[in-house]
Asks: 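Dumping the structure here so I can ask a few things about it.
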Amino acid sequence: MTVDVVSARTSAEALADWDANGRLEGLARPDTDCQDFLQAIGRKPDTVEYLGCEQDDASYLQPMTAHYRVGGASAADVETYLQQTFGMPALAYLCCGWSSGAPHVWRAGAGSVAYEIGMGVESLHHPREQWAKIPSFAITVGVIRKSP
């Protein structure tokens, strides 16, 4: 067998396994591209800037994480949007910055991808009314492609 045939069979087997098991678990398809996930699902606010995506194929879970930035002046509106759209918890100031806590998992419905969504910034303790003083907040949206 040539390498291309083995690779095609392995890919077909991975897709079949995902279809049989991974889809119900909320895993992303094994052939999913690392990308702007908010744009891909049609739920990206105009004030959110996509910075790039990283994937770790060497990790057992094969995670992919898209990174975003929103200016401090728009952070409260984006936080509200993420809460209303995805159910993300409100940001709280802990230790050294504002954080939504552990990534919040959101799915559009049964059989859809589970997205891990988080928002935060490491900063001095500026009250919410002064978030415009913070240059930017980070947002992450991640998926995994293999079951733990």
Side-chain angles (χ1 to χ4, degrees), residues 1-72 74-125 131 134-148:
M1 251 187 247
T2 67
V3 172
D4 288 341
V5 172
V6 171
S7 177
R9 191 170 80 188
T10 303
S11 294
E13 289 170 353
L15 282 173
D17 182 55
W18 172 82
D19 199 35
N21 303 303
R23 179 191 304 261
L24 292 175
E25 295 176 33
L27 301 177
R29 286 174 52 111
D31 59 351
T32 297
D33 290 327
C34 205
Q35 61 188 301
D36 180 342
F37 293 120
L38 289 176
Q39 185 70 36
I41 61 176
R43 296 178 182 211
K44 182 176 163 197
D46 291 338
T47 56
V48 172
E49 177 187 4
Y50 172 66
L51 301 175
C53 188
E54 62 186 15
Q55 69 185 56
D56 184 358
D57 290 337
S59 169
Y60 180 74
L61 299 177
Q62 295 186 342
M64 290 190 271
T65 305
H67 297 274
Y68 304 86
R69 171 176 48 213
V70 61
S74 300
D77 290 339
V78 170
E79 175 196 27
T80 299
Y81 174 80
L82 294 175
Q83 288 174 302
Q84 292 173 350
T85 305
F86 302 109
M88 185 189 81
L91 273 62
Y93 192 86
L94 304 170
C95 170
C96 313
W98 289 94
S99 173
S100 59
H104 173 72
V105 177
W106 175 83
R107 291 178 78 171
S112 64
V113 174
Y115 292 93
E116 294 183 351
I117 301 168
M119 180 176 175
V121 64
E122 193 172 309
S123 75
L124 298 173
H125 187 252
W131 278 5
I134 301 172
S136 64
F137 285 66
I139 299 168
T140 57
V141 178
V143 298
I144 59 172
R145 293 175 287 154
K146 279 195 162 183
S147 183

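What's counted below: heavy atoms across the whole structure, side chains too, no hydrogens, waters or symmetry copies.
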Asks: Looking at every non-hydrogen atom in both residues, tell me the closest pair between A66 and Y50 and how far apart they are.
Replies: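 What the structure gives for the nearest pair is CB-CE1, 4.0 Å.
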
Asks: Drop me the distance from I144's CD1 to Y115's OH, to the nearest 0.5 angstrom.
Replies: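 That separation rounds to 13.0 Å.
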
Asks: So, using salt bridge (charged side-chain N to carboxylate O under 4.0 Å, His left out) as the criterion, who are the partners of D31 when residues are at least two apart?
Replies: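 By the salt bridge (charged side-chain N to carboxylate O under 4.0 Å, His left out) rule, D31 matches R29.
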
Asks: So if I apply the side chain to side chain contact (heavy atoms under 4.5 Å, CB included) rule between V143 and each of Q55, E116, M64, which one comes out positive?
Replies: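 Running side chain to side chain contact (heavy atoms under 4.5 Å, CB included) over Q55, E116, M64 with V143 returns exactly one hit, M64.
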
Asks: Checking V121 against W131 for the side-chain contact (heavy atoms from CB on, under 4.5 Å) test, could you report, in this order, the C-alpha distance in whole Å, the side-chain angles of both residues, the deciding distance, and whether it holds?
Replies: CA-CA 10 Å; V121 64; W131 278 5; over 6 Å; no

Asks: Sequence neighbours left out, what passes side-chain contact (heavy atoms from CB on, under 4.5 Å) with P89? Give chain and number order.
Replies: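 By the side-chain contact (heavy atoms from CB on, under 4.5 Å) rule, P89 matches H104.
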
Asks: Hey, could you give me the OG1/CZ distance between T47 and R69, rounded to the nearest 0.5 Å?
Replies: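 T47 atom OG1 to R69 atom CZ measures 12.5 Å (nearest 0.5 Å).
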
Asks: According to salt bridge (Lys or Arg N to Asp or Glu O under 4.0 Å), does anything in residues 97-106 pair up with another residue at least two apart or in another chain? List the pairs.
Replies: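 Residue pairs with at least one partner in residues 97-106: there are none.
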
Asks: Supply the atom-to-atom distance I134 CD1 to E122 CD, rounded to the nearest 0.5 angstrom.
Replies: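 Answer for the CD1-CD pair, I134 versus E122, is 11.5 Å.
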
Asks: Atom CZ of F137 and atom OG of S123: how far apart are they, to the nearest 0.5 Å?
Replies: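 Reported to 0.5 Å precision, the distance equals 6.0 Å.
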
Asks: Applying ring-ring contact (aromatic ring centres under 6.0 Å, His included), name anything that partners W106, two or more places apart in sequence or on another chain.
Replies: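 F86.
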
Asks: V70 and Y81: side-chain contact (heavy atoms from CB on, under 4.5 Å), yes or no, with the steps?
Replies: CA-CA 12 Å; V70 61; Y81 174 80; over 6 Å; no

Asks: In chain order, what residues pass the side-chain contact (heavy atoms from CB on, under 4.5 Å) check against A114, with sequence neighbours excluded?
Replies: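 Here the qualifying residues are V105, R107.
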
Asks: Restricting to side-chain hydrogen bond (donor to acceptor under 3.5 Å, both in side chains), what partner residues turn up for S147, sequence neighbours left out?
Replies: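 By the side-chain hydrogen bond (donor to acceptor under 3.5 Å, both in side chains) rule, S147 matches E25.
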
Asks: By side-chain hydrogen bond (donor to acceptor under 3.5 Å, both in side chains), which residues pair with D77, not counting sequence neighbours?
Replies: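 Listed in chain order: nothing, the list is empty.
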
Asks: With sequence neighbours left out, which residue pairs that include part of residues 78-90 fulfil the salt bridge (Lys or Arg N to Asp or Glu O under 4.0 Å) condition?
Replies: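 Of all non-adjacent pairs touching residues 78-90, those that pass salt bridge (Lys or Arg N to Asp or Glu O under 4.0 Å) are E79-R128.
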
Asks: Check step by step if side-chain contact (heavy atoms from CB on, under 4.5 Å) holds for F37 and V113.
Replies: CA-CA 11 Å; F37 293 120; V113 174; over 6 Å; no

Asks: Sorted by first residue and then second, give each salt bridge (Lys or Arg N to Asp or Glu O under 4.0 Å) pair with at least one member in residues 139-148; sequence neighbours left out.
Replies: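 Sorted pair list: D57-R145.
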
Asks: Donor-acceptor pair, distance only, cut-off 3.5 Å: does the side chain of S112 make one with the backbone of G109?
Replies: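 Present.
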
Asks: Can you name the closest pair of heavy atoms from S100 and G118 and give their distance?
Replies: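 Closest approach of S100 to G118: OG-CA, 3.5 Å.
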
Asks: What pair of heavy atoms forms the shortest contact from T32 to A28, and how long is it?
Replies: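 Nearest pair, atom of T32 first, then A28: OG1-CB, 3.8 Å.
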
Asks: For the OG1 atom of T140 and the CG atom of L51, what is their distance to the nearest 0.5 Å?
Replies: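 Here the rounded value is 11.5 Å.
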
Asks: Could you give the distance from CG (N21) to CG (L27), rounded to the nearest 0.5 Å?
Replies: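 Rounded to the nearest 0.5 Å, the CG-CG separation comes out at 9.0 Å.
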
Asks: Applying disulfide (SG to SG under 2.5 Å) as the test, list every pair that has at least one member in residues 31-62; sequence neighbours left out.
Replies: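 Qualifying pairs: C34-C53.
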
Asks: For residues 35-46, pull every pair meeting side-chain hydrogen bond (donor to acceptor under 3.5 Å, both in side chains), keeping only residues two or more places apart or in separate chains.
Replies: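 Listed by first then second residue: D36-K44, D36-Y68.
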
Asks: Taking all atoms of both residues into account, what is the closest heavy-atom pair of M119 and A75, and its distance?
Replies: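 Where M119 meets A75 most closely, the heavy atoms are CE-O, 3.5 Å.
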
Asks: Give every residue pair that meets the side-chain hydrogen bond (donor to acceptor under 3.5 Å, both in side chains) criterion with at least one member in residues 58-67, sequence neighbours excluded.
Replies: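 Every side-chain hydrogen bond (donor to acceptor under 3.5 Å, both in side chains) pair that includes a residue of residues 58-67, provided the two are not neighbours, is E54-H67.
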
